[in-house]
Novice: 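Below is one structure. I have some questions about it.
One-based numbering, in listed order, for ligands and for the atoms of each. Throughout, numbering of the chain's residues begins at 1 and tracks the sequence.
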Amino acid sequence: MNVSPQTFILFSLGADLILCAVLVFLWWRHSDEKHAIAWAAGQLAMTAGTAVWYLGPQDWPRYALASATLTVSVAGYWAGTEFFLGTLKRRHVRLGALVFLLFGCIVYAACAGRSSWLLEITASVYGLTFLWIGYRLASNRNHYRLLGLILVARGMFNLANALDLVPLVIEAWFIWSFLVKAGSLLCLIHAVQEKVQKRYTRAIDSLSKGFIVYDGDGIIRSANERSAALLGCAKAKQLIGTHMADWVTGISRGQVAAHFQRFAAAAHYPHVETMVITGADGRQLPVELIASRHYERGRLHCMLLVMDITERKANDDRLYRAAHYDNVTGLLNRHGLSLRLAGALSAARASGHACAVLFIDIDKFKRVNDCFGHAAGDQLLGQMAQLLRGGLGEADLLARFGGDEFIVVLPALPRNAAADMAAARGQQILRALGDGFQLSPQLITVSASIGVACFPADGDDGDTLVRHADIAMHDVKKTGRGELRFFDPAMSAYAREALVIDGALRGAIQAGELHLVYQPITHAASGRMGKVEALLRWRSGTLGVVGPDRFIPVAEDSGLIIELGAWVLAEACSQLARWRDSLPELVVSINVSARQLLDPAFIGLVERALSANALAPRRLELELTERVLIGDGAQVRVALGRLRELGVSISLDDFGTGYSSLSYLTQFQINTLKIDRSFVTGMVDSARSHALVATIVAMGHSLGLELVAEGVETADQARALEAMGCHHLQGYHISRPVDAQALLAFAGTRRGQAVMPSYPS
Ligand code: C2E
Ligand code: MG
Ligand code: MG
């Protein structure tokens, strides 16, 4: 076949144009790929230059056009390559434009009218340009070596042409020229295309999160390396075309389809779900799946970001634990309990069962901390938690409510047996405590007070039940310790009143609402008043007159008794000083609570009150109840010892109502016994009370104690007591508690009485 050179040229120009059009198209689709348009411009200029040579008229515009196309072509290839390699800067473009303009002018000036020069210069410039570009691409650390080598070959061919080294067999020349040109252009197109692709895959591969696109059939269409790692697969490529369920153990195709349906029907995107997946390597992984809509060929696909949330979950778990569990014992804390208790109650409500809440408080826990340190205290709490856990049923709840308070909840109890079962569990706990705790190196025994409230009888919600169990527990503490008591609505009324009283009492001293009254204690035989008991009175601005039986226990609970007691001590001593002239030998007896006696500042207060009023210590007597003595034996003994050293006398109040243990009397160096009113009241009518009082009096005598009978209301009682040998009498029969003024008047009536006549009743 005989093909003319023009046909070859036209064929070559046509191919050039098609390939250039592809480059322009790629640039149009991906406008960021500027090297595509630069290369296309370079190649188009080169094609135009060829057309100029072979098709144009042979005059000066042809030289100008040829010079211009050469310049644009070299500039285009240069700019495209630099941009492709990422080394093109804005200033380079401006400088390049100037250099190339100059270059074009020089070429035109040198070659105008000399077509052979221009041809050779053009071939040489192209040759050098392609050699240089080929070298840049092949030597740079990228995988466009083939493109580089083809361009080097193209450059060498052009140079060989310029130097007339190519044997001119026109078909071979054209075929070779066409091949290198077409090859280099195809490689350039591939470079542009691949760079776009690479940028996309590099971007998703560089994500620290897994990226998966799967279609409505669950088939993975795209995935990055991170997702492969998360699913325990070696290469992302292996995932493509497989089913999601093939990689996630324990997740069926149906579950994948359900996920797709949830995602497709979601109202908002991204649609987020968390789950624990087991990868192909068997590793369990908590993940968050963030799904967005993605369309490929018109079909909805699910584009998933798969985030490994192991750390976040561990943090969440840690926060959850901190919010719901106590870190010393590992038990539920108050918040955790309230959530679980609410659940238990609604279950009990639905099933018609009862629940019992046991509020357990370790008695005198503070002493453990004080004596053995806080580490030992924590150790004790841990052992207590273990002890309580021991008796626990599967559904039972156990919580540390605060400090030394624990709560056991027995859910789902039969309604008619709930109280018995709660009592049995409580008693079991109290018994177990008897074994003691080994706090290395010593074994210590503590008791606990337990209050119980039952659902639905004592409350309908968790807060109320816990509050009521707490009130019942405090009721135990008030009257002793180490017992279990059920909530009674009367306790609640007391607790409410206590709250009101406590609030009002706090400002009572400053508001001047307190005063003292004095009740005479007279000598049974002579009727003379040797002693008075100072009794506190409170006329509250808001509550009116409040009796000491109501506010003293509240002040003892809250600790306010220390402040009140200090005021009573100071006031009683200063009153005694004011009576110095009229009642020089009078002894004042004041009531002292346990907390006051154990307050380290108490002895100093007594000393100061005496010295400030120039009173002999024997003129002060302190009344303690038996409950004070059974408290902290060692500390009480020390405090009483120091008071006795000071010369202050101690009297045991309300004797007979508490433990009535004779050992207290000898142990604590008591001076006086005050026989409780309850025995005195009954002694005339009840032989038993009479016998009891007689026994106490006889015992007092044998121990060398002074005896005072409280609550003497009748002459018969007074007579009987005197006959028994009781030394002193106190009661309404002698006098009610009166103010300081009235007391002086009373003293006046008793001054001359040497022998006790029959008391007026
Ligand atoms: P208490 O120490 O046993 O005081 C005697 C209580 O019996 C006084 O009640 C007194 O008014 C009352 N009483 C005296 N004689 C008779 C009588 O013949 N018949 C009857 N029915 N009652 C009689 P008050 O003043 O209401 O005091 C009650 C308790 O309050 C006191 O019992 C004492 O334990 C406590 N209290 C009073 N003042 C103080 C105080 O300043 N400090 C402390 N810690 N406790 C105080
Ligand atoms: Mg008293
Ligand atoms: Mg008393």
Side-chain angles (χ1 to χ4, degrees), residues 478-479 501 505 508-509 513-522 529 531-539 545-573 575 587-599 602 605-606 609 620-628 631 649-658 670-684 706 708-718 721 726 728-739 742-743 746 759-761:
K478 271 208 309 249
T479 53
I501 287 179
L505 194 55
I509 296 179
E513 294 173 353
L514 300 176
H515 70 278
L516 290 181
V517 290
Y518 301 89
Q519 187 172 32
I521 298 172
T522 52
M529 180 182 73
K531 219 175 347 189
V532 286
E533 178 173 2
L535 293 161
L536 186 55
R537 293 291 177 264
W538 176 31
R539 188 185 297 276
V545 174
V546 185
D549 49 335
R550 280 170 70 206
F551 72 83
I552 295 285
V554 175
E556 282 175 339
D557 272 356
S558 68
L560 203 64
I561 193 69
I562 292 180
E563 207 184 318
L564 294 185
W567 183 85
V568 170
L569 179 68
E571 178 61 23
C573 288
Q575 182 56 59
V587 171
V588 71
S589 185
I590 64 170
N591 295 283
V592 173
S593 297
R595 285 179 95 144
Q596 262 178 289
L597 183 69
L598 297 179
D599 180 31
F602 182 65
L605 272 182
V606 173
L620 180 65
E621 186 175 80
L622 302 179
E623 293 190 13
L624 310 169
T625 61
E626 284 172 281
R627 235 173 329 123
V628 177
S649 20
I650 309 295
S651 108
L652 189 57
D653 204 354
D654 303 342
F655 185 77
T657 53
I670 307 290
N671 307 85
T672 307
L673 257 194
K674 293 186 78 174
I675 305 165
D676 190 65
R677 190 168 73 222
S678 54
F679 301 110
V680 176
T681 307
M683 61 180 279
V684 178
E706 290 275 309
V708 177
E710 293 184 294
V712 183
E713 293 184 348
T714 64
D716 288 347
Q717 288 167 350
L721 286 160
C726 180
H728 306 280
L729 305 177
Q730 177 183 4
Y732 293 171
H733 173 63
I734 293 120
S735 166
R736 288 189 174 253
V738 292
D739 64 21
L743 189 92
F746 174 84
Y759 289 100
S761 358

Novice: Below 4.0 Å from ligand 1: does a non-hydrogen atom of G711 turn up there or not?
Specialist: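 It does; at least one heavy atom falls under 4.0 Å.
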Novice: If we set the cut-off at 4.0 Å for heavy atoms, which region of R677 has an atom near ligand 1: side chain, backbone, both, or neither?
Specialist: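 Side chain only.
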Novice: Measuring only between side-chain heavy atoms, which start at C-beta, is Q717 closer than 4.5 Å to L729?
Specialist: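 With C-beta onward as the side chain, the pair stays apart.
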Novice: Please determine whether any non-hydrogen atom of H733 lies less than 4.0 Å from an atom of ligand 1.
Specialist: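 It does not; every heavy atom stays at 4.0 Å or beyond.
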Novice: Side chain, backbone, both or neither: which applies to I552 and ligand 1 if a contact is any heavy-atom pair less than 4.0 Å apart?
Specialist: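 Answer for I552: side chain.
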Novice: With respect to atom 2 (O) of ligand 1, which of D653, L564, V568 exhibits the smallest heavy-atom separation?
Specialist: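 Looking at heavy atoms only, D653 sits closest to atom 2 (O) of ligand 1.
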Novice: Side chain of D653, backbone of T625: donor and acceptor closer than 3.5 Å?
Specialist: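 Not a single qualifying donor-acceptor pair exists.
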Novice: Would you tell me which option among V517, N591, L516 has the nearest heavy-atom contact to atom 46 (C) of ligand 1?
Specialist: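 The option holding the nearest heavy atom is N591.
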Novice: Mind checking whether I590 has a heavy atom under 4.0 Å from ligand 1?
Specialist: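 In this structure, I590 fails to qualify as a contact of ligand 1 - no heavy atom is under 4.0 Å.
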Novice: Kindly give the atom name of the N, O or S atom of E623 closest to the Mg ion (ligand 2).
Specialist: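 It is OE1, the N, O or S atom of E623 closest to the Mg ion (ligand 2).
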Novice: With a 3.5 Å cut-off and no angle check, do the side chains of S678 and D676 form a donor-acceptor pair?
Specialist: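 Per modelled atom types, S678 and D676 side chains form a pair under 3.5 Å.
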Novice: Contact between ligand 1 and Q519 is defined here as a heavy atom of the residue under 4.0 Å from a ligand atom; is it met?
Specialist: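 Within the 4.0 Å threshold, so yes.
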Novice: Confirm or rule out an N/O/S atom of E710, from backbone or side chain, lying less than 2.8 Å from the Mg ion (ligand 2).
Specialist: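 Under 2.8 Å: E710 has no N, O or S contact with the Mg ion (ligand 2).
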Novice: Decide whether the shortest distance between a heavy atom of G565 and an atom of ligand 1 is less than 4.0 Å.
Specialist: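 Heavy atoms of G565 never come under 4.0 Å of ligand 1.
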Novice: Is any side-chain heavy atom of E710 closer than 4.5 Å to a side-chain heavy atom of F679?
Specialist: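 No. Closest side-chain heavy atoms not under 4.5 Å.
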Novice: Could you tell me whether E533 approaches ligand 1 through its side chain, its backbone, both or neither, with non-hydrogen atoms closer than 4.0 Å?
Specialist: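 Contact part for E533 vs ligand 1: side chain (C-beta onward).
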Novice: Determine whether a donor-acceptor pair (N or O, by modelled atom type, separation under 3.5 Å) exists between the side chain of R595 and the backbone of E556.
Specialist: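 Side chain of R595 to backbone of E556, a donor-acceptor pair under 3.5 Å: yes, one is there.
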Novice: At under 4.0 Å between heavy atoms, is it the side chain or the backbone of T625 that contacts ligand 1, or both, or neither?
Specialist: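 Within the 4.0 Å criterion, T625 makes no contact with ligand 1.
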Novice: Is the backbone of Q596 close enough, under 3.5 Å, to the side chain of S593 for a donor and an acceptor to pair up by distance?
Specialist: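 No; zero donor-acceptor contacts below 3.5 Å.
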Novice: Can you check the angle at the Mg ion (ligand 2) formed by OD1 of N591 and OE2 of E533? Round it to the nearest 10°.
Specialist: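 That angle is 90°.
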Novice: P737 heavy atoms, cut-off 4.0 Å: which ligand 1 atoms fall inside?
Specialist: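 Numbered from 1, ligand 1 contributes 11 (O).
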Novice: What is the name of the N/O/S atom in D653 that sits closest to the Mg ion (ligand 2)?
Specialist: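 Restricting D653 to its N, O and S atoms, the minimum distance to the Mg ion (ligand 2) goes to OD2.
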Novice: Under 3.5 Å, side chain of E626 to main-chain N/O of F655, donor-acceptor pair present?
Specialist: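 No; judged by distance alone, with no hydrogens or angles, the pair does not exist.
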Novice: Under the side chain to side chain donor-acceptor pair (under 3.5 Å) test, which residues partner E571, sequence neighbours left out?
Specialist: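 Applying side chain to side chain donor-acceptor pair (under 3.5 Å) to E571 gives none.
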Novice: Could you see which bit of Q730 sits under 4.0 Å from ligand 1, with heavy atoms only: side chain, backbone, both or neither?
Specialist: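 None of Q730 does.
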Novice: For R537, is the nearest heavy atom under 4.0 Å from an atom of ligand 1?
Specialist: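 Yes; R537 lies near enough to ligand 1 that a heavy-atom distance drops under 4.0 Å.
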